[in-house]
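All residue numbers in this chain count up from 1 along the given sequence. As the structure is a computational prediction, the values presented were derived from the model and not from experiment.
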Amino acid sequence: MDFRNGRESRNVEDRRGQGGRRLGGGGKIGIGTIVIALIAMYFGIDPSVVLNTSEMASPPAIESTQPGQPRSPAEDEMARFVSMVLADTEDTWGPIFKAGGAQYREPGMVLYTGATRSACGVGQAEMGPFYCPADGKVYLDLAFFDELGQRYGAQGDFAQAYVIAHEVGHHVQNLLGISDKVQQARQRVSEREANLLSVRLELQADCLSGVWANHAHRSRQVLEAGDVEEGLAAASAVGDDRMQKQARGFAVPDSFTHGSAAQRVRWFRAGLESGELRACDTFSTPNL
């Protein structure tokens, strides 16, 4: 990606180096527990309730305030990159909202290491990036990008930008009132139907990330050769089917909460190719 103006967002809070450590006693957290915790956090439930239940022998959750490890130049460069991506989403969504007669409230971003507090509870690096609607902030441990590339094979700066744009997509949903409607609907249906609503919400965020990329490139020519392929690879890499198969050898479609690899690619591409919000109506279509 090529951010020609090099503007960084003023809405980034850097908590790296504060020494936050993850909750629990050091054991691994299962992929299913992580997914449940992410859903809980997104809808305003403290995920530590889920995480602590999964690790009954764990000590109480605390967050260390001891100094962390010194940051490398590469990590600081990555921090600047994500700040520029956030700035570019601001430059994109502001005009889109204005054209629709609304004002865009820019989200914040918190960079942290290991674990940190949010208005939705304690977030952990194992959970990956997440958006908290209660405080309107995206939370990100930069180490996630190493895992995205090494474990899931999604490498490149646009793959990383897609992840940030997806979380900002959740912020857009929050501002539009979509998230509240989905949460209310989830409380009235079965677990299977609630999971499907979560899938539709996530796929819409994928589409919105594509809308951002479309507008950013048309306005500022940010995409370079190979960027689209990187974004598609990232969307595919974080599909529920691929992640479940990698974690336990098989996939259970009824338990999907983010969508399959093919679905995530389809909806990201829908936003990328159209640049239109109306192309992102994942709630009306019977065919995801």
Side-chain angles (χ1 to χ4, degrees), residues 35 38-39 42-44 88-107 129-133 136 138 161-219 223 228 231-232 234-241 253-288:
V35 169
L38 280 170
I39 295 173
Y42 185 77
F43 290 114
D88 203 89
T89 65
E90 296 163 356
D91 294 341
T92 294
W93 286 111
I96 291 176
F97 269 62
K98 185 176 181 179
Q103 182 177 1
Y104 181 63
R105 298 197 306 273
E106 297 174 351
F130 65 91
Y131 171 72
C132 174
V138 174
Y162 153 79
V163 171
I164 298 166
H166 173 91
E167 299 304 331
V168 172
H170 283 312
H171 180 66
V172 171
Q173 292 171 319
N174 191 31
L175 295 181
L176 295 176
I178 297 171
S179 305
D180 286 341
K181 291 180 181 178
V182 171
Q183 170 60 356
Q184 293 168 10
R186 290 181 81 254
Q187 296 174 348
R188 300 192 298 266
V189 298
S190 67
E191 180 179 357
R192 180 178 179 276
E193 292 171 317
N195 285 344
L196 180 56
L197 285 171
S198 295
V199 167
R200 292 182 184 275
L201 191 73
E202 294 293 336
L203 294 178
Q204 186 178 66
D206 283 330
C207 185
L208 293 173
S209 69
V211 170
W212 158 73
N214 176 289
H215 283 257
H217 187 61
R218 280 193 292 166
S219 300
L223 298 183
V228 171
L232 294 172
S236 176
V238 292
D240 282 326
D241 50 345
D254 283 350
S255 70
F256 288 179
T257 57
H258 287 64
S260 69
Q263 289 170 334
R264 301 199 71 167
V265 167
R266 175 192 171 189
W267 285 100
F268 171 69
R269 190 189 291 275
L272 178 66
E273 293 179 351
S274 71
E276 300 289 341
L277 288 178
R278 63 174 178 265
C280 298
D281 184 5
T282 58
F283 292 94
S284 297
T285 178
N287 181 22
L288 290 177

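In this structure, N287 CG and Q263 CD are separated by 8.5 Å, a value rounded to the nearest 0.5 Å. To the nearest 0.5 Å, atoms CG (N174) and CD (Q183) are separated by 11.5 Å. Taken from OH in Y162 to CD in E167, the straight-line distance is 9.0 Å, to the nearest 0.5 Å. Atom-to-atom distance recorded for L201:CG and D206:CG is 10.5 Å, nearest 0.5 angstrom. L272 CG to W267 CH2: the interatomic distance, rounded to the nearest 0.5 Å, is 14.0 Å. Atom OG1 of T89 and atom CG of L208 lie 12.0 Å apart (nearest 0.5 Å).
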### Message
Walk me through whether I178 and R200 qualify under side-chain contact (heavy atoms from CB on, under 4.5 Å).
### Response
CA-CA 11 Å; I178 297 171; R200 292 182 184 275; over 6 Å; no
### Message
Show, in sequence, the C-alpha distance, side-chain angles and deciding distance for R264 and L203, and conclude whether the side-chain contact (heavy atoms from CB on, under 4.5 Å) test is met.
### Response
CA-CA 6 Å; R264 301 199 71 167; L203 294 178; 3.8 Å; yes
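Looking only at side-chain heavy atoms (C-beta outward), I164 and V138 stay at 4.5 Å or farther from each other. Counting heavy atoms from C-beta on, the side chains of H171 and L175 come closer than 4.5 Å.
Looking at H166 and E202, their side chains do bring a donor and an acceptor atom within 3.5 Å of each other.
Across every non-hydrogen atom of L232 and V265, the tightest pair is O-CG2, 3.6 Å. When all heavy atoms of A205 and Q173 are compared, the pair lying nearest together is N-NE2, 3.6 Å. Nearest heavy atoms, P129 versus V163: CG-CG1, 3.6 Å. Between V189 and A194 the shortest heavy-atom distance is CG2-N, 3.6 Å. L197 and F283 get closest at one heavy-atom pair: O-CE2, 4.1 Å. A165 approaches W212 most closely through the heavy-atom pair CB-CE3, 3.5 Å.
E273 pairs by the side-chain contact (heavy atoms from CB on, under 4.5 Å) definition with R269, not counting sequence neighbours. For S274, the side-chain contact (heavy atoms from CB on, under 4.5 Å) partners are E276, A279, not counting sequence neighbours.
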Which donor-acceptor pairs under 3.5 Å do side chains of residues 92-106 form with protein atoms, sequence neighbours excluded?
residue: T92; atom: OG1; partner: D88; partner atom: O; Å: 3.1
residue: T92; atom: OG1; partner: R220; partner atom: NH2; Å: 2.7
residue: E106; atom: OE1; partner: N11; partner atom: ND2; Å: 2.7

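In this structure, H170 contributes its side chain and Y131 its backbone to no donor-acceptor pair below 3.5 Å.
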